[in-house]
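First the proteins, then the strands, lettered A, B, ... as listed; each starts at 1.
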Amino acid sequence: MKPFVRLMLLLLFLSSPFLLKAQIVDQEVHRVVFQVTKGEAVDQEQAIGQLNNILRALPNAEIEVICHGKALPLLLKDESKVTDGVTDLLTRGVVFAACENTMRRAKATKEDLISGVITVPSALAEIIIKQEQGWAYIKAGN
Amino acid sequence: MKPFVRLMLLLLFLSSPFLLKAQIVDQEVHRVVFQVTKGEAVDQEQAIGQLNNILRALPNAEIEVICHGKALPLLLKDESKVTDGVTDLLTRGVVFAACENTMRRAKATKEDLISGVITVPSALAEIIIKQEQGWAYIKAGN
Amino acid sequence: MKPFVRLMLLLLFLSSPFLLKAQIVDQEVHRVVFQVTKGEAVDQEQAIGQLNNILRALPNAEIEVICHGKALPLLLKDESKVTDGVTDLLTRGVVFAACENTMRRAKATKEDLISGVITVPSALAEIIIKQEQGWAYIKAGN
């Protein structure tokens with residue numbers, strides 16, 4: 001056996017516990033609409049933590065995060081406590097959407113949102129329609 | 001062209017932005033079971049506001065509002081802070097249901113409910129069965 | 001008619017209102033994933049009460065209770081305020097699962113859990129997958 005092949009086999013053998021561990025990660029496509037309604041710093045951090053947990057367990061999950069009511073600040077450029085967390089999740093394909101009803105009440109415009117964040121006319125209508133299309137629903141927060 | 005027809009065409013042209021706006025309203029039938037568990041005045045007003053938001057975006061939505069636990073007062077004739085809101089939504093086809101388990105604990109009778117409100121034996125059983133029948137689920141509140 | 005048969009018929013007749021009452025209980029199989037995220041004593045008691053309510057209305061319901069975040073203590077041998085309630089529900093077929101992400105953060109091990117409680121790698125992933133498999137979703141708490 002060539003030394004290179006032997007080395008590869010050895011590495012494969014040594015890494016097998018990690019391979020086994022990797023197998024508990026679920027590679028299927030999952031679709032989830034994730035509702036956030038709270039806005040304190042601790043709530044924002046919890047939401048980002050939960051989204052990272054979902055992606056760790058289900059790396060191919062398609063996630064749409066709907067922020068409305070008190071959760072709007074999570075998505076506002078000048079107010080968010082988790083801008084880096086949002087931006088990182090955006091680059092990994094997570095969709096963040098702000099509710100236009102909430103934005104109108106808060107006098108926020110699309111320019112006030114973190115770059116890459118979209119809007120939906122009604123947070124609740126969006127959550128209803130996503131469920132009809134087979135998406136799972138998670139309400140964030142305690 | 002007759003002046004009347006010309007006027008109609010002009011009005012149609014002028015109103016086209018509104019027609020376009022109207023088209024973003026979704027005329028499909030949507031079915032949603034809406035769970036309310038909080039009972040402070042601010043929670044009651046939020047629930048009514050959210051229900052109106054849903055109907056604005058989805059005018060043909062079939063909505064069943066399930067009030068249980070601390071949310072029972074929302075439906076009680078002598079205690080509700082939003083009687084007008086409930087009555088208005090009832091006339092627009094929204095179903096409001098009080099949980100009989102909660103009513104027993106609160107010693108409330110059907111006569112104590114706002115006129116037109118129905119009851120269900122168990123709020124949670126109702127929410128489960130509705131989801132099985134394809135209804136979307138929204139948990140109200142922050 | 002023999003006295004014994006007559007007595008049986010009389011008892012049957014007298015119990016008919018209770019038979020009728022029994023018929024409003026739904027004997028179908030229902031499957032529900034029940035998310036608990038709060039951990040105060042009052043929250044723990046409310047969760048156990050709600051689970052008992054579900055089983056009273058839907059005696060054949062298959063229930064999986066997912067405890068994560070602040071709700072982990074509900075399932076910890078040395079901290080739970082509702083050990084008897086959990087144990088009783090376990091004997092009636094309810095599944096209780098603790099989130100391994102939460103356990104790691106809390107430095108809790110499987111030995112710390114009430115006997116019979118299982119774990120899942122990620123509470124939210126579990127809730128998503130159950131919904132995909134047709135389970136109804138209930139988020140506990142107010």
Under 4.5 Å from a heavy atom of chain C, the part of A:Arg56 involved: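 Neither; nothing under 4.5 Å.
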Proximal component of A:Ile138, with respect to chain C [non-hydrogen, under 4.5 Å]: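 The answer is both parts of A:Ile138.
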Which portion of C:Glu126 sits near chain A, non-hydrogen atoms under 4.5 angstrom: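 Contact with chain A is absent: no heavy atom of C:Glu126 under 4.5 Å.
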[X] to [Y] - nearest heavy-atom pair and separation:
| X | Y | answer |
| --- | --- | --- |
| C:Glu132 | A:Val29 | OE2-O, 4.3 Å |
| C:Ser122 | A:Asn53 | OG-O, 4.3 Å |
| A:His30 | C:Ile129 | CE1-CG1, 3.8 Å |

Within 6.0 Å of CD in A:Gln133, more than 12 heavy atoms from elsewhere: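 Yes, CD of A:Gln133 has more than 12 neighbouring heavy atoms, counting only those of other groups under 6.0 Å.
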Under 3.5 Å donor-acceptor, C:Gln131 side chain and A:Tyr137 backbone: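 At least one qualifying donor-acceptor pair exists.
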Side-chain donor or acceptor of A:Lys139 paired with backbone N/O of C:Lys139 under 3.5 Å: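 Judged by distance alone, no pair lies under 3.5 Å.
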Non-hydrogen side-chain atoms of A:Gln50 and C:His68 separated by less than 4.5 Å: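 A:Gln50 vs C:His68: side chains touch.
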Heavy-atom side-chain proximity of C:Ile127 to A:Val32 below 4.5 angstrom: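 They are not in contact (no side-chain heavy atoms under 4.5 Å apart), so the answer is no.
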From C:Ile128 atom CD1 to A:Ile54 atom CD1, the distance as rounded to the nearest 0.5 Å: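 Reported to 0.5 Å precision, the distance equals 4.0 Å.
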